[in-house]
2 protein chains.
Amino acid sequence: MGIDRLDGKLLELLADEPRIGVLEASRRLGVARGTVQARLERLQSQGVIRGFGPDVDPAAIGYPVTAFATLEIKQGQGPDVRAHLGSVPEVLELHTTTGHGDMLCRLVARSNADLQRVIDRVVGFAGIVRASTAIVMENPVPLRIVPLVRQAAGSADAPDVPGPPSRHGTP
Amino acid sequence: MGIDRLDGKLLELLADEPRIGVLEASRRLGVARGTVQARLERLQSQGVIRGFGPDVDPAAIGYPVTAFATLEIKQGQGPDVRAHLGSVPEVLELHTTTGHGDMLCRLVARSNADLQRVIDRVVGFAGIVRASTAIVMENPVPLRIVPLVRQAAGSADAPDVPGPPSRHGTP
DNA sequence: GGTCTATCTGTACAAGGTGCCCAGAAACTT
DNA sequence: AAGTTTCTGGGCACCTTGTACAGATAGACC
């Protein structure tokens, strides 16, 4: 388990230019195409890369308002609340947590006024005792993974890039 | 602005099977290849599709613990705090918000013990007055966009799919 | 030191996809 | 009714992918 430096560079490269193919990636990394192909397959089968889904901006499809809601729920209502929230399209993500609340969810809405409607729909459910909402104003650090990948690849089992560009079948 | 039904279906298709190409997508959607190509370009230039970055699972690279931290910061320290948090790889995302706290960030760590180290690093900064952390236990609804896309495409300006499979150059 | 195993390299080939172009038809707007 | 936008279907040159193989290399083991 874990990723080495080549894996890290490959992930960085894909994060920077997701549309490049295996061949182009191998050229950039200075390794053989087969190597990149094998690494990619391994990363996907290990679950490191979950997929290459399109990164859709909610703001661009009419939902410019984002908010986080902390929910407190009635004992034993967990499963019901989850199902309820799962059925609301504006709930982009839901976590159960320790701490003051019991759940934390990310919401989007068409406007501040519309956010009221979304919140009403979210909390308008028997199992939910209380909710407190924080509206997002700015997003100084958008969801990112590269710095973490770099840290993960640079430490631990990172036996360095496979082969320091040595040449093989050379006379 | 906005997306129509074909855009919606295209986004759904890409979310389901991100590795399919333009040609295959056009076959699935029953439209011409050029149409899919044009739609994709438009969606990207409009910012609806930000990219196709690899979806990396932090847990799979050694960071199985996720937490959300609400931060309260000293007046006027905003920019400094942002820069500080931006330099911490374990900070995956940062928002400034209304409400009780001033900022909300998503953290990951190698373990619960390691989370303490991360939090110390995050809050060990002059501008931060107080922090409260919620550790994520479960993630019943992982970050998703399809339901929202479906809603956005199904309403408003959705003049229906371009052409009800009519045939053209047919005798 | 010698051997084994896992991995990488370089190469080849067939199959198929991509980017780009075009003229004509269809649908929506004015 | 005319004009504009968009979709269709076709073609072409070029490139990438998937797959396979033998030989080279590095690290682990005996």
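Both backbone and side-chain heavy atoms feed into the values below; hydrogens, waters and symmetry mates do not. Per chain, numbering begins at 1; letters A, B, ... match sequence-line order.
- Across the protein-nucleic acid pair, A:L43 atom CG and C:dT7 atom P stand 13 Å apart, rounded to whole Å.
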- Task: Begin from the C-alpha positions of A:L143 and B:R106 and carry the test side chain to side chain contact (heavy atoms under 4.5 Å, CB included) through to its verdict.
- Result: CA-CA 9 Å; A:L143 194 50; B:R106 177 196 298 245; 4.3 Å; yes
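- Between B:D102 and B:R130 there is no salt bridge, since no side-chain nitrogen of the basic residue lies less than 4.0 Å from a carboxylate oxygen of the acidic one.
- Distance A:L23 CG to C:dT18 P: 15 Å, rounded to the nearest Å.
- For B:R42, the CZ atom sits in a packed shell: over 12 heavy atoms of surrounding residues, nucleotides or ligands are nearer than 6.0 Å.
- Put simply, CD on A:Q44 is 10 Å from P on D:dG18, counting in whole angstrom units.
- You'll find a donor-acceptor pair under 3.5 Å spanning the side chain of B:R33 and the base of C:dG19, going by distance alone.
- When the C1' atom of D:dC14 is taken as reference, atom CD of A:E24 falls 15 Å away, rounded to whole Å.
- Comment: B:D4 engages B:R39 in a salt bridge, judged by a side-chain N to carboxylate O separation of less than 4.0 angstrom.
- Both B:A38 and A:I20 lie near DNA chain D, and the one whose nearest nucleotide falls closer to the 5' end is B:A38.
- When distances run from any side-chain atom of A:V31 to the nucleotides D:dT8, C:dT9, D:dT17, the shortest one goes to C:dT9.
- For the pair B:R39 and D:dC7, the criterion of a side-chain N or O lying under 4.0 Å from OP1 or OP2 is met.
- Between the CG atom of A:D4 and the C1' atom of C:dT7 there is a distance of 11 Å, given to the nearest Å.
- Here C:dC20 presents its C1' atom at 11 Å from CD of B:E41, a figure rounded to the nearest Å.
- Protein atom CG of B:L40 is 14 Å distant from nucleotide atom C1' of C:dG17, rounded to whole Å.
- OP1 or OP2 of C:dG17 sits under 4.0 Å from a side-chain N or O of B:R27.
- We find that CG of A:L6 is positioned 13 Å from P of C:dT7, with the value rounded to whole Å.
- Residue contacts for B:Q37: at a heavy-atom cut-off of 4.0 Å it reaches a base atom on one of the strands shown.
- Between B:F68 and A:F68, the ring planes are tilted. Angles from 30° to 60° get that label.
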